[in-house]
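Heads up: the structure comes next, in structure tokens.
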Amino acid sequence: MNAPKPNRDGWMTGPLADAPACPPFPAFTDFERRALDSIAPLFGDKADAFREQVASAEVVDRINTIVGFYTRVKVDRVRCSPVPLSQGDAHFEVEGIEHGLGIIVGIRDGDGYLETIEGWTVGENPLEGVDLADLKFVRPTQLG
């Protein structure tokens, strides 16, 4: 069963705006969840607040770009507190992906709530034909 096409107005343009949404919804993939937990310490004394945002977040869209992915989330702002913008990023070893995956979290400027997760890698279309739900987190290789 195909996921309904989400409204990407103001978020995505060009060919990716018409790309199919990648399940699962509204949950994070195992890779996303484990990567976000590994990134939490980068928020210092707000690490627990970041984890609360992740726990309350609902995935509303996910796109496989074949060289990475974009995941858009909605955080319950009543249950969570804001976190500062993070300048860091992280890189992870992923089973079957030669150069692993890097992750950048998008915290909405001005309000401090998680909005997007961007994954990237290098190589010749390493995620082509890959179900993002099947990515196997191995370990962080660089945080910060």
Side-chain angles (χ1 to χ4, degrees), residues 3-8 10-17 19-144:
K5 183 179 173 196
N7 178 354
R8 293 180 176 155
W11 183 56
M12 194 62 58
T13 60
L16 288 178
C22 301
F25 296 103
F28 287 113
T29 65
D30 181 65
F31 171 77
E32 290 167 335
R33 190 175 32 74
R34 293 179 70 189
L36 291 169
D37 187 59
S38 295
I39 289 170
L42 297 177
F43 289 91
D45 64 351
K46 294 289 189 176
D48 287 340
F50 178 73
R51 285 187 182 102
E52 286 174 359
Q53 286 192 23
V54 171
S56 82
E58 290 186 7
V59 173
V60 296
D61 197 0
R62 185 182 290 110
I63 301 169
N64 181 341
T65 68
I66 72 172
V67 293
F69 64 87
Y70 293 108
T71 300
R72 187 168 51 161
V73 302
K74 179 175 64 173
V75 170
D76 184 338
R77 293 164 189 240
V78 173
R79 290 181 39 206
C80 300
S81 58
V83 297
L85 287 172
S86 172
Q87 299 302 315
D89 58 22
H91 198 269
F92 302 93
E93 185 176 330
V94 179
E95 188 177 294
I97 306 295
E98 182 180 359
H99 301 290
L101 277 165
I103 297 287
I104 296 175
V105 294
I107 304 293
R108 251 181 91 135
D109 191 19
D111 74 1
Y113 291 93
L114 179 63
E115 186 174 58
T116 59
I117 304 158
E118 178 182 352
W120 82 93
T121 189
V122 295
E124 188 81 19
N125 303 330
L127 296 180
E128 187 169 20
V130 172
D131 184 337
L132 297 176
D134 292 337
L135 292 176
K136 303 287 187 236
F137 178 98
V138 176
R139 65 183 176 89
T141 56
Q142 178 254 323
L143 295 173

Residue pairs passing the side-chain hydrogen bond (donor to acceptor under 3.5 Å, both in side chains) test with at least one member in residues 74-85, sequence neighbours excluded, are R77-D111

Distance col, row E115:CD vs Q53:CD, nearest 0.5 angstrom, shows 11.0 Å

For V105 and I39, the nearest pair of non-hydrogen atoms, with its separation, is CG1-CD1, 4.2 Å

Between L143 and A90 the two heavy atoms that sit nearest each other are CD2-CB, 3.3 Å

Those residues at least two apart in sequence (or on a different chain) that pass side chain to side chain donor-acceptor pair (under 3.5 Å) with R8 are D61

Decide yes or no for D89 and I103: does some side-chain heavy atom of the first lie under 4.5 Å from some side-chain heavy atom of the second?
-> no

Requested in this report: Compute whether any side-chain donor of one residue and acceptor of the other, for T121 and H99, lie under 3.5 angstrom apart.
Outcome: no

Between A47 and A40 the two heavy atoms that sit nearest each other are CB-O, 3.3 Å

Note: A27 and V59 closest approach over all heavy atoms is O-CG2, 3.3 Å

Tightest non-hydrogen contact, residues V122 and P126, listed as O-CG, 3.7 Å

In this structure, CD1 of I117 is separated from OG1 of T29 (nearest 0.5 Å) by 8.0 Å

To the nearest 0.5 Å, atom OG1 of T71 lies from atom CD1 of I63 at 8.5 Å

Worksheet entry | L135 side chain near L101 side chain, heavy-atom distance below 4.5 Å | yes

One should read off an interatomic distance between F28 CZ and L36 CG, to the nearest 0.5 angstrom, of 5.5 Å

* **Backbone N/O of P24 and side chain of R62: donor-acceptor pair under 3.5 Å** => yes

Okay, side chain of N64, backbone of L132: is any donor-acceptor separation there less than 3.5 Å? no

OG1 (T116) and OH (Y70) are apart, to the nearest 0.5 Å, by 9.0 Å

Residues A57 and V73: closest non-hydrogen pair is CB-CB, 4.2 Å

Contacts of D48 meeting side chain to side chain donor-acceptor pair (under 3.5 Å) (sequence neighbours excluded), chain-then-number -> R51

Looking at side-chain heavy atoms only, is the closest gap between W120 and I104 below 4.5 Å? yes

If you define the side chain from C-beta out and look only at heavy atoms, does anything of V94 sit under 4.5 Å from V138? no

Are D37 and R34 within salt-bridge range, i.e. N to O under 4.0 Å?
no

Here the gap from E95 atom CD to F137 atom CZ, rounded to the nearest 0.5 Å, amounts to 12.5 Å

